[in-house]
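Below: the structure, in structure tokens.
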Amino acid sequence: MSKYPSREEIGKILKSSKVIAVVGLSGDPSKTSYMVSKAMQDAGYKIIPVNPTVDTVLGEKAVASLTEINEKVDIVNVFRRPEHLLPVAQEFLKIDCDVFFAQLGIENEEAYQLLKENGKTVIMDRCIKVEHAMTR
């Protein structure tokens with residue numbers, strides 16, 4: 001049995017969510033983070049780019065870190081290498097958000113344990129765009 005929520009549970013999370021902060025969202029349309037975030041934006045979600053190296057992505061003003069976001073975030077979607085997940089998870093715990101979603105191929109056990117100990121919903125190694133398409 002997976003330690004992560006089932007596809008059905010992920011579907012419920014996606015249906016009740018409106019705002020997705022995307023850590024590592026690239027301004028390059030050829031990058032996976034851009035394509036996935038655009039698809040989610042096209043599906044009606046508000047995207048908040050979290051990347052200190054860009055000003056605006058997908059028409060939304062970027063912030064340098066999660067703690068700079070001034071609104072309720074439903075999901076934090078992470079496009080960073082596994083070794084960067086723990087610092088992202090530590091910062092995630094400082095904001096008002098319950099769902100930590102690491103993209104396909106990205107997992108970090110230390111980050112997972114930290115988030116679970118703090119009562120957060122953790123999804124790793126899944127693509128939010130695929131999950132959204134599969135659970136509509």
Which distance, rounded to the nearest 0.5 Å, do you find between the [atom1] of [X] and the [atom2] of [Y]?
| X | Y | atom1 | atom2 | value |
| --- | --- | --- | --- | --- |
| C127 | I106 | SG | CD1 | 10.0 Å |
| L66 | E68 | CG | CD | 9.5 Å |
| D74 | L14 | CG | CG | 10.0 Å |
| S6 | K12 | OG | NZ | 7.5 Å |

Point to revise | Flag if over 12 foreign heavy atoms under 6.0 Å of CZ, R81 | key: no
Could you pull out the closest heavy-atom pair between [X] and [Y], with the gap in Å?
| X | Y | value |
| --- | --- | --- |
| E91 | S65 | OE2-CB, 2.9 Å |
| S33 | G24 | OG-O, 3.5 Å |
| G105 | D125 | N-OD1, 2.5 Å |
| K31 | S26 | CG-OG, 3.5 Å |
| D98 | F92 | C-CZ, 3.9 Å |
| I123 | Y4 | CA-CD2, 4.1 Å |

Measure from the side-chain N and O atoms of [X] to the backbone N and O of [Y], and report whether any donor-acceptor pair falls under 3.5 Å.
| X | Y | result |
| --- | --- | --- |
| Q103 | I128 | yes |
| Y112 | K3 | yes |
| N118 | K120 | no |
| D96 | K72 | no |
| S37 | Y34 | no |
| Q41 | L58 | yes |

Review point. Same cluster for M40 and I75 if Ile/Leu/Val/Met/Phe/Trp/Tyr side chains link at under 4.5 Å?
Key: yes
**Study point:** Shared hydrophobic cluster for V36 and I47 (ILVMFWY, side-chain gaps under 4.5 Å)
**Key:** yes
Practice item. Could you tell me whether the side chains of Q113 and E109 share a donor-acceptor contact shorter than 3.5 Å? Key: yes
Check your understanding: Quick one: does N108's side chain get under 4.5 Å of V88's, heavy atoms only?
Key -> no
Exercise for review: Indicate yes or no: at least one non-hydrogen side-chain atom of N70 is less than 4.5 angstrom from one of V63.
Suggested key: no
Check your understanding: Taking only residues two or more places apart in sequence or in another chain, which ones pass salt bridge (Lys or Arg N to Asp or Glu O under 4.0 Å) with D42?
Key -> K38
**Study point:** Salt-bridge criterion met for K18 and E71 (N-O under 4.0 Å)
**Key:** no
